[in-house]
Amino acid sequence: MTEKKEILNRDIDILSLSNELTYHRYLLNHGQVREFFQKMSIPEYIALHEIDAERDTSDIYSGRTYLRELSEKMQISMRKTSDMIGKLRDRGLVVWSHDGIGSEGTYVTITESGQKLLGEQEEILKNFYGRVIEKYGKENMLQLLHRMKQLETVMSSTVEDMEGVTNDGEDTE
């Protein structure tokens with residue numbers, strides 16, 4: 001096979017795998033699991049879960065979750081984080097406060113209502129994923145999650161590498 005055909009076949013393989021990965025990520029994010037989120041969105045659930053987990057593990061910050069940390073963990077902009085937290089606050093699910101005059105950082109804590117709604121959502125997900133894990137197998141699920149973490153790490157580092165290169169392929173560093 002000529003070198004040109006090998007490159008073409010490799011590009012077709014990469015495109016095919018890229019499309020398949022994109023499709024499956026879409027299904028996982030927007031598929032049937034969405035119907036289990038009636039009272040909150042998936043990002044709101046993740047935020048409440050992170051805030052609640054911080055409450056349980058952080059003696060230093062008295063259960064406070066700083067918006068900057070939440071933004072970084074969820075890999076979304078501060079603006080989107082603030083908008084989401086504002087909606088959660090308006091629904092009485094979190095309390096949004098700040099240190100000093102606000103320059104030291106703004107933070108949230110989960111309310112009793114937030115804990116209750118989070119618990120209800122966790123029960124729904126536990127029931128659904130419990131059945132999925134029973135059918136798919138716990139070991140298969142653990143291996144899948146491990147491989148997904150590896151893939152996310154590679155994807156993140158690739159994005160970082162690509163940010164250092166201009167459109168014409170020249171390295172900007």
Side-chain angles (χ1 to χ4, degrees), residues 18-99 102 104-160:
S18 299
N19 288 336
E20 192 69 17
L21 179 60
T22 301
Y23 175 70
H24 284 285
R25 286 185 60 138
Y26 167 79
L27 287 180
L28 284 172
N29 291 333
H30 299 287
Q32 297 170 339
V33 173
R34 279 186 166 272
E35 71 187 51
F36 296 112
F37 288 87
Q38 299 296 316
K39 296 181 180 177
M40 71 177 81
S41 68
I42 294 172
E44 288 172 337
Y45 169 76
I46 293 169
L48 283 178
H49 177 76
E50 289 294 329
I51 294 164
D52 190 55
E54 190 67 29
R55 177 186 63 87
D56 290 340
T57 60
S58 176
D59 291 333
I60 297 171
Y61 297 122
S62 303
R64 299 173 180 169
T65 301
Y66 285 86
L67 260 58
R68 176 130 337 264
E69 292 170 1
L70 187 60
S71 172
E72 289 170 5
K73 282 183 182 178
M74 294 186 67
Q75 298 181 4
I76 58 176
S77 69
M78 276 298 291
R79 181 177 179 91
K80 286 184 178 182
T81 303
S82 295
D83 290 346
M84 178 178 51
I85 293 301
K87 291 175 185 172
L88 292 172
R89 178 200 57 212
D90 294 347
R91 292 172 52 198
L93 303 175
V94 297
V95 174
W96 191 352
S97 304
H98 56 82
D99 289 328
E104 292 89 25
T106 61
Y107 62 88
V108 291
T109 54
I110 193 166
T111 65
E112 278 189 41
S113 296
Q115 288 176 318
K116 182 177 183 242
L117 184 60
L118 178 63
E120 291 170 5
Q121 186 63 54
E122 286 175 336
E123 191 62 31
I124 291 167
L125 293 176
K126 185 176 82 174
N127 287 334
F128 171 69
Y129 283 114
R131 292 176 183 187
V132 169
I133 292 167
E134 187 177 305
K135 291 177 182 179
Y136 187 63
K138 182 178 179 181
E139 189 59 35
N140 284 339
M141 183 63 78
L142 291 172
Q143 289 176 8
L144 175 63
L145 291 172
H146 178 72
R147 292 192 188 282
M148 288 172 70
K149 286 180 183 179
Q150 288 177 323
L151 178 60
E152 288 297 328
T153 300
V154 170
M155 290 172 71
S156 293
S157 68
T158 302
V159 167
E160 290 172 10

- In terms of side-chain geometry, is the basic nitrogen of Lys39 or Glu120 positioned less than 4.0 Å from the acidic oxygen of its partner? yes

- Item | Side chains of Met40 and Leu88 in contact at under 4.5 Å (non-hydrogen atoms) | no

- Query: With side chains defined as the heavy atoms from C-beta onward, is the minimum distance between Ile85 and Leu70 less than 4.5 Å?
  - Reply: yes

- Message: Pair Gln150, Val154 - check side chain to side chain contact (heavy atoms under 4.5 Å, CB included), show working.
- Response: CA-CA 6 Å; Gln150 288 177 323; Val154 170; 5.6 Å; no

- Please lay out, stage by stage, how Gln121 and Leu48 fare under the test side chain to side chain contact (heavy atoms under 4.5 Å, CB included). CA-CA 10 Å; Gln121 186 63 54; Leu48 283 178; over 6 Å; no

- Query: What is the ring orientation for Phe37 with Tyr45, classed by angle as parallel under 30°, tilted 30 to 60°, or perpendicular over 60°?
  - Reply: perpendicular

- Message: Just so I know, are the side chains of Leu151 and Arg147 near enough to count as touching, which here means a heavy-atom distance under 4.5 Å?
- Response: no

- Would you check, one step at a time, whether the test side chain to side chain contact (heavy atoms under 4.5 Å, CB included) holds for Thr109 with Ser97? CA-CA 8 Å; Thr109 54; Ser97 304; 5.8 Å; no

- What pair of heavy atoms forms the shortest contact from Leu93 to Ile110, and how long is it? O-CG1, 3.6 Å

- Closest contact, heavy atoms only, Met84 versus Ile76: CE-CD1, 4.0 Å

- Message: Among residues at least two apart in sequence or on other chains, which ones pass side chain to side chain donor-acceptor pair (under 3.5 Å) with Gln38?
- Response: none

- Query: Does Arg131 come within less than 4.0 Å of Glu134, counting only side-chain N to carboxylate O?
  - Reply: no

- Message: Contact between Glu54 and Arg64 at the side-chain level, heavy atoms closer than 4.5 Å - yes or no?
- Response: no

- Is it the case that more than 12 heavy atoms not belonging to Met78 sit under 6.0 Å from its CE atom? yes

- Note on the structure: Scanning both residues in full, the closest heavy-atom pair of Trp96 with Tyr107 reads CD1-O, 3.3 Å

- Task: Search all heavy atoms of Ser71 against all heavy atoms of Ser77 and return the closest pair with its distance.
- Result: OG-C, 3.6 Å

